Amino acid sequence: MQITVLIDNTSKSGLLCEWGLSFLIDTADRRILLDYGAGDAFAQNAAALGIELASVDCAVLSHAHHDHGGGIPKFLELNRKAPLYIAAAAEEDCWAGGRSHSRKGLWASLFGYRYIGLPAGTLSLAGDRILRVPMALCTGNARTVPIGEHAWIVPHCGAQEAGRKQRLYRRRGLLLRPDGLEHELTLACESGDGLVVLSSCSHAGPEAILAEVRSALPGRKVAAYIGGLHLYKTGREGVLEAARAFREAGVEKVWAGHCTGDDAIGILKESIDAETMCAGMKICFPNSDN
């Protein structure tokens, strides 16, 4: 199995980078796209790497934020067949409090909030190619949606407190309500080393996400965790708490980028085997049938 980082905050070999994330996952029987970045850059990088996005068998949206779904229109243009898996709760209605990571944002300056959701019309553009994944049941028996023989979508059962702490909101009529993160999905792939968990922003926290994966796919070792950890605004204690969650879950290796933050990755490296991601990176695992 091979995972190619198509877009991330940093890049190598002259590839484009942006505040966004996109992965191409090649399992033994499926080519899966997880997220689309904020625009067309992921597709330009794919072309530079010799990857034809028309060959993607299925695509997954990790959550309904623009830096992960802004490139959906470009993908639809390049790939005419792949279904797009999104959470049943995903809509074009996500907001955040405070200024943006880029220190821009007139709306945030004037009103204290800024729109961070999918560009208007994105979901209608995808039409009947969208397959909605039901929300998980918070009963200890998480649902999964298999995509091929070696990959599963693991939905959240909600994380109200995490959304409130991160000042994430969803529009309900004329009001903004705390985001319970029901629109966030995790992807788990089976490799010869064990499960590889991909969580693009980990808003609910690694501990909660790993617990959901273990509940949904019991008895499997989690070999690796790949994605954004949303620690760029977290203090040292919060980062060390995430590191403890990885150790306690037996995760052997973490690849982190996007919303993790350079300082946080440095702290993670003090106590776990962690590596910084960048656009163009290829992460390889033995196939599960080897």
Side-chain angles (χ1 to χ4, degrees), residues 5 7-11 17-22 35 37-38 62-70 93-118 156 158-171 176-186 197-211 225-247 251 254-272 274-279:
V5 184
I7 199 71
D8 197 356
N9 296 20
T10 60
S11 69
C17 61
E18 66 182 5
W19 181 274
L21 201 55
S22 176
D35 289 347
S62 67
H63 59 293
H65 288 174
H66 70 90
D67 50 336
H68 296 264
D93 62 356
C94 293
W95 289 71
R99 303 187 70 181
S100 70
H101 57 85
S102 61
R103 299 182 181 178
K104 298 177 182 178
L106 178 61
W107 280 86
S109 299
L110 294 177
F111 305 108
Y113 302 96
R114 54 193 168 86
Y115 183 69
I116 60 169
L118 299 172
H156 280 335
Q160 291 285 343
E161 186 58 28
R164 185 178 292 106
K165 284 183 177 179
Q166 294 167 39
R167 299 187 67 193
L168 298 173
Y169 305 93
R170 301 187 72 182
R171 189 184 70 248
L176 295 180
R177 301 295 189 189
D179 188 347
L181 305 177
E182 297 91 349
H183 58 99
E184 189 165 330
L185 303 173
T186 301
V197 175
L198 294 103
S199 182
S200 295
C201 269
S202 306
H203 287 116
E207 183 176 8
I209 291 165
L210 288 166
Y225 192 106
I226 301 173
L229 305 183
H230 215 270
L231 298 172
Y232 73 106
K233 292 182 179 179
T234 304
R236 182 179 181 84
E237 276 306 310
V239 178
L240 292 176
E241 183 178 338
R244 282 193 294 270
F246 289 125
R247 288 198 305 273
V251 178
V254 173
W255 280 268
H258 184 43
C259 56
T260 307
D262 292 340
D263 291 344
I265 294 175
I267 297 170
L268 288 173
K269 289 179 179 179
E270 296 174 7
S271 57
I272 62 172
E275 187 171 340
T276 305
M277 292 191 314
C278 64

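Because the structure is a prediction, the values reported are computed rather than measured.
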Peer 1: Could you go step by step and tell me if His156 and Ile209 meet the side-chain contact (heavy atoms from CB on, under 4.5 Å) rule?
Peer 2: CA-CA 8 Å; His156 280 335; Ile209 291 165; 3.6 Å; yes
Peer 1: To the closest 0.5 Å, what do you measure between NE2 (His230) and CG (Leu168)?
Peer 2: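 With rounding to 0.5 Å, NE2 (His230) is 6.0 Å from CG (Leu168).
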Peer 1: Please report the closest heavy-atom contact between Lys269 and Thr276, naming both atoms and the distance.
Peer 2: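 That closest heavy-atom pairing would be NZ-OG1, 3.5 Å.
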Peer 1: Could you state the interatomic distance from OG1 (Thr234) to CG (Leu240), rounded to the nearest 0.5 Å?
Peer 2: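 Result: 11.0 Å between the selected atoms.
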Peer 1: State whether the side chain of Thr260 and the backbone N or O of Leu229 hold a donor-acceptor pair below 3.5 Å, judged by distance alone.
Peer 2: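 Flag set: sc Thr260 to bb Leu229 pair under 3.5 Å.
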Peer 1: Please name the pair of heavy atoms, one in Leu268 and one in Ala243, separated by the smallest distance, quoted to 0.1 Å.
Peer 2: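 Shortest heavy-atom separation between Leu268 and Ala243 comes out as CD2-CB, 3.9 Å.
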Peer 1: From Trp19 CH2 over to Asp8 CG, what is the distance, rounded to the nearest 0.5 angstrom?
Peer 2: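 So the gap between those two atoms works out to 9.5 Å.
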Peer 1: Considering only heavy atoms from C-beta outward, does the side chain of Asp67 approach that of His258 to under 4.5 Å?
Peer 2: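 Heavy-atom side-chain distance check passes, below 4.5 Å.
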Peer 1: Write down the atom of Ala64, the atom of Cys94, and the distance for their closest heavy-atom approach.
Peer 2: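 Answer, listing the atom of Ala64 first, then Cys94: O-SG, 3.6 Å.
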Peer 1: Which atom names give the shortest non-hydrogen contact between Val239 and Ala264, and what distance separates them?
Peer 2: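 Taking Val239 first and Ala264 second, the nearest heavy atoms are CG1-O, 3.5 Å.
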Peer 1: Check the angle between the aromatic planes of Trp95 and Tyr115 and answer parallel, tilted or perpendicular using the 30° and 60° thresholds.
Peer 2: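 Geometry flag for Tyr115 against Trp95: perpendicular rings.
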Peer 1: Are Ile7 and Glu18 close enough that some pair of their side-chain heavy atoms sits under 4.5 Å apart?
Peer 2: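 The answer is yes; the side chains approach within 4.5 Å.
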Peer 1: Mind checking the NE2-CG spacing from His66 to Leu118? Nearest 0.5 Å is all I need.
Peer 2: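 One finds 9.5 Å between NE2 of His66 and CG of Leu118.
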Peer 1: Going by side-chain hydrogen bond (donor to acceptor under 3.5 Å, both in side chains), Glu184 matches just one of His203, His68, His65, His63. Which one?
Peer 2: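 Single pass found, and it is His203.
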Peer 1: Check the surroundings of atom CD in Glu241: do more than 12 heavy atoms from other residues, nucleotides or ligands lie under 6.0 Å from it?
Peer 2: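 No, because the 6.0 Å sphere around CD of Glu241 holds 12 heavy atoms or fewer from other groups.
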Peer 1: Going through the distances and angles, do Tyr225 and Leu198 end up as a side-chain contact (heavy atoms from CB on, under 4.5 Å)?
Peer 2: CA-CA 6 Å; Tyr225 192 106; Leu198 294 103; over 6 Å; no
Peer 1: State whether the side chain of Glu275 and the backbone N or O of Ala256 hold a donor-acceptor pair below 3.5 Å, judged by distance alone.
Peer 2: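 Not a single qualifying donor-acceptor pair exists.
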Peer 1: Look only at the side chain of Asp93 and the backbone of Arg170, and say whether a donor-acceptor pair between them is shorter than 3.5 Å.
Peer 2: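 No, Asp93 side chain to Arg170 backbone: no donor-acceptor pair under 3.5 Å.
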Peer 1: Which heavy-atom pair separates Gly228 from Ser202 by the least distance, and what is that distance?
Peer 2: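 Here Gly228 and Ser202 meet closest at O-OG, 2.8 Å.
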Peer 1: If we only count heavy atoms from C-beta on, is the Val254 to Ile272 side-chain gap below 4.5 Å?
Peer 2: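 Yes, close enough: below the 4.5 Å cut-off.
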Peer 1: Using side-chain contact (heavy atoms from CB on, under 4.5 Å), reason through Ile116 and Arg114 one step at a time and then give a plain yes or no.
Peer 2: CA-CA 6 Å; Ile116 60 169; Arg114 54 193 168 86; 3.3 Å; yes
Peer 1: To the closest 0.5 Å, what do you measure between OG (Ser62) and NE2 (His183)?
Peer 2: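 It is 9.5 Å, given to the nearest 0.5 Å.
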Peer 1: Rounded at 0.5 Å granularity, tell me how far CD1 in Ile226 sits from CG in Leu21.
Peer 2: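 With rounding to 0.5 Å, CD1 (Ile226) is 10.5 Å from CG (Leu21).
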Peer 1: Shortest non-hydrogen contact from Ala162 to Ala204?
Peer 2: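 Shortest heavy-atom contact: CB-CA, 4.1 Å.
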Peer 1: Do Gln160 and Asp179 have side-chain heavy atoms sitting under 4.5 Å apart?
Peer 2: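 Not in contact.
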